[in-house]
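Data first, discussion second: the structure below is written as structure tokens.
Reminder, nothing fancy here: chain letters follow the sequence lines and each chain counts from 1.
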Amino acid sequence: MNAAPSSQAPSSRVVTRFAPSPTGYLHIGGARTALFNWLYARGRGGKFLLRIEDTDRARSTVEATEAILRGLTWLGLDWDGAPVSQFEGAPRHAEVAHHMLATGHAYKCFATQDEIEAFREAARREGRSTLYQSPWRDADPATHPDAPYVVRLKAPRDGETVIEDAVQGRVRFRNDTLDDMICLRSDGTPTYMLAVVVDDHDMGVTHIIRGDDHLNNAPRQMLVYRAMGWDVPVFAHIPLIHGPDGKKLSKRHGAVGLEEYQKMGFLAAGMRNYLARLGWSHGDDEFFTDDQAKEWFDLPAIGRAPARLDFKKLENLSGQHISAANDDVLMDAVASYLAVTGAPALSDVQAAAMRSALYCLRDRSKTVPQLIEKAAFVLKSRPIGMDGKAAAALDDVSRGILRELTPQLQNASWQRDDLEAVLGNVAAAHGIGLGKIAQPLRAALAGSSVTPSVFDMMLVLGRAESIARINEAALDG
RNA sequence: GGCCCGUUCGUCUAUCGGUUAGGACACCAGGUUUUCAACCUGGGAAGAGGGGUUCGACUCCCCUACGGGCUGCCA
């Protein structure tokens, strides 16, 4: 069962969130971030919220948002409430900016983008810090021109800002290395830097678990919490995922979108297990259920070094979860796999047949397509056809043996022991090994060389169908 | 350039000052075997480098190297 219900008061209930920007597919790294947030919240009876960071109107698309929701749904991560659109909160964000302006925590800066760019260019050229310090920070309002301005946070220039990060530990930043971040653009729209803080506060987020590419943003965001007098949430900056070569994961590594993993046929449960284990550990536990993960997951056990993707291990875990999954989960996975790959769905008859064969399929497959490949024998109807390897197993001699087999199968009890005895006897009569009979029989029953055991196939197919297929193969050629 | 983070077998990791540095995946060898897969047995395989602190460092501190992130009126 789940972890015992906590005795925490409602006010201290855990609230986490996943906040992707809808500019493309759901990145595998983002999926892991979402998983960590989900595990943390679900393991503690808290809430897991979703917020779409769509303040960049030029790059945000509804298609991307849909792709992200689809990805999370496939991964099995359910969120509480409706996804929040950050863009829709713009008025509220601006309100906060103006409040900080009124309280002196922010100021109007009239520097133009060209001016700032020129400054930075010169700084770079001369090897100086490119940190821009606005001359308007302490300007007398009487000198303000009638021109567009941005609202900047007035950050302290002395001392340091310390982040007590649940993963990274204590991280200190000297305040003179922090710039006065822009809260409102010159067109009055809020920036992400302001919006995240306001939204996280308004949504009651207690734990911010996100990629460590945001670690440098944390101190500046913390200043907003302070300026507004809000409680600072717990930060947990987790390392990014790297490609097998240790470099930042990019398209040249192959699969970066979660959907691609779905199309490769990994079981979602295996994906969750693998992703959770990537950068987080609970002793030597490698294979675990969702309930165990929820109970065990904790922030201090997250590693600080970036992890690389290892498809072999993912495959192995996926296989273990296929073995452990119940029939409904497997059949659902098959249906969704067929759907995303654009393959025709199974007919009711086929689905029922496949379900009856799962017992001898699940332990031999690492991915859903492997499951389907091995199920082919039961999905086909006569004439079943032959692939190259199967055809090669059938020659005149083996056809003769198959012909000899049918009458005996006709009288067999159709129990596994009995079928084994029949084949064993025929093999013994010819002074050959079971393999010599099993190969052609396999070809006859499945038309393929990748199948479950011949005995299981006969059991699943039943006497009539099995004998019909054997006869068909024995007579051909 | 500046700031921040990181570095244990090929990979993911355990270890939270004292271990023959453990496990998993992968790999190699052998076994089992009706294909694929699985399974069994065994094997090779690691603390980036250099300084400290300490009776004793993979564990704590410093430096270097390497890797990564940020350095936008993007998120």
Side-chain angles (χ1 to χ4, degrees), chain A residues 19-23 53-56 58-60 86 109 111-113 116-117 120 123-132 148-152 163 165 167-169 171-174 177-179 181-187 189 191-193 195-196 211-219 237 239-240 242 244 246-248 274 277-287 300 303-317 319 323 361 363-366 370 373-374 389-390 393 423 427 433-443 446 448-455:
Chain A
S21 39
T23 53
E53 312 244 296
D54 51 359
T55 54
D56 185 339
R59 294 197 299 157
S60 298
Q86 185 159 67
C109 169
T112 66
Q113 295 191 57
I116 297 172
E117 187 41 47
R120 276 201 265 260
R124 252 190 299 273
R125 201 168 41 235
E126 293 160 29
R128 288 183 290 112
S129 166
T130 56
L131 195 80
Y132 180 73
Y149 59 86
V150 300
V151 173
R152 286 181 185 273
I163 299 294
D165 194 283
V167 171
Q168 306 289 339
V171 185
R172 351 172 62 111
F173 297 85
R174 278 173 41 188
T177 65
L178 266 29
D179 67 353
M181 71 176 205
I182 294 177
C183 297
L184 244 39
R185 302 185 182 96
S186 52
D187 64 359
T189 59
T191 59
Y192 156 81
M193 285 293 213
V196 236
D212 69 7
D213 49 338
H214 287 285
L215 182 54
N216 288 286
N217 296 330
H237 289 95
L240 270 17
H242 285 181
K247 301 289 186 189
K248 186 183 181 183
Y274 175 72
R277 193 64 190 67
L278 200 58
W280 169 77
S281 62
H282 181 264
D284 284 336
D285 293 307
E286 301 285 350
F287 173 81
R304 284 150 306 280
R308 306 181 191 197
L309 241 26
D310 180 353
F311 282 84
K312 289 290 189 182
K313 189 152 186 175
L314 204 206
E315 214 169 63
N316 177 278
L317 245 14
S323 298
L361 261 28
D363 287 340
R364 330 169 76 92
S365 308
K366 295 177 173 177
Q370 284 175 18
E373 179 187 32
K374 290 184 168 64
K389 274 192 181 172
L423 286 229
L434 179 59
K436 289 277 192 270
I437 294 183
Q439 294 314 343
L441 179 55
R442 181 187 317 286
S448 160
S449 61
V450 181
T451 75
S453 122
V454 291
F455 303 112

Should the pair A:E117-A:R124 be classified as a salt bridge under the 4.0 Å nitrogen-to-oxygen rule?
yes

Per-nucleotide protein contact along nucleotides 23-28 of chain B, 5' to 3', at a 4.0 Å heavy-atom cut-off (B base, S sugar-phosphate only, - neither), is BBBS--

Base, sugar-phosphate, or nothing for A:F173, non-hydrogen atoms under 4.0 angstrom?
sugar-phosphate

Pick out the pairs of N or O atoms, protein on one side and nucleotides 58-60 of chain B on the other, that lie under 3.5 Å.
none

From CG of A:L361 across to C1' of B:rA38 the rounded distance in Å is 14 Å

May I have the distance from A:Q168 (atom CD) to B:rG6 (atom C1'), rounded to whole angstrom?
8 Å

Partner residues of A:F455 under the ring pair (Phe, Tyr, Trp, His ring centres under 6.0 Å) criterion, sequence neighbours left out
none

If you find the nucleotide of RNA chain B closest to A:L278 and the one closest to A:S365, which residue's nucleotide is nearer the 5' end?
A:L278

Does the side chain of A:S281 get closer than 4.0 angstrom to OP1 or OP2 of B:rA14 through an N or O atom?
yes

Tell whether A:R308 reaches the base of B:rU11 with its side chain through a donor-acceptor pair below 3.5 angstrom.
no

What is the distance, to the nearest angstrom, from the CZ atom on A:R304 to the C1' atom on B:rC16?
10 Å

Do side-chain atoms of A:T191 reach the backbone of A:I182 as a donor and acceptor pair under 3.5 angstrom?
yes

Gap between atoms CD and P, on A:E315 and B:rC12 respectively (whole Å):
18 Å

Is there any protein nitrogen or oxygen under 3.5 Å from a nitrogen or oxygen in nucleotides 40-45 of chain B, and what are the pairs?
none

Opposite nucleotide pairing with B:rU59, Watson-Crick or G-U, both atom distances under 3.5 Å:
none

Quick check against the 3.5 Å criterion: does A:T189 have a side-chain atom that pairs as donor or acceptor with the backbone of A:R185?
no

Does A:G303 reach a base, just sugar-phosphate, or nothing at all? Heavy atoms under 4.0 Å.
nothing

Given that A:Q370 and A:Y274 both sit by RNA chain B, which one's nearest nucleotide is further toward the 5' end?
A:Y274

Using Watson-Crick or G-U wobble geometry with both distances below 3.5 Å, tell me the partner of B:rA65, or none.
B:rU7

Kindly write out the residues that satisfy ring pair (Phe, Tyr, Trp, His ring centres under 6.0 Å) with A:Y149, not counting sequence neighbours, or none if the list is empty.
A:F110

How would you label the contact of A:V171 with the nucleic acid (heavy atoms, under 4.0 Å): base, sugar-phosphate, or nothing?
sugar-phosphate

Using the P atoms only, state how far B:rG42 lies from B:rG51, rounded to an integer number of Å.
40 Å

Could you tell me the separation between the CZ atom of A:F455 and the P atom of B:rU35, rounded to a whole number of Å?
12 Å

Roughly, in whole Å, what's the span from CZ in A:F311 to P in B:rC12?
14 Å

Reading 5' to 3' through nucleotides 66-75 of chain B, protein heavy-atom contacts under 4.0 Å coded B for base, S for sugar-phosphate only, - for none
-SSBSSSBBB

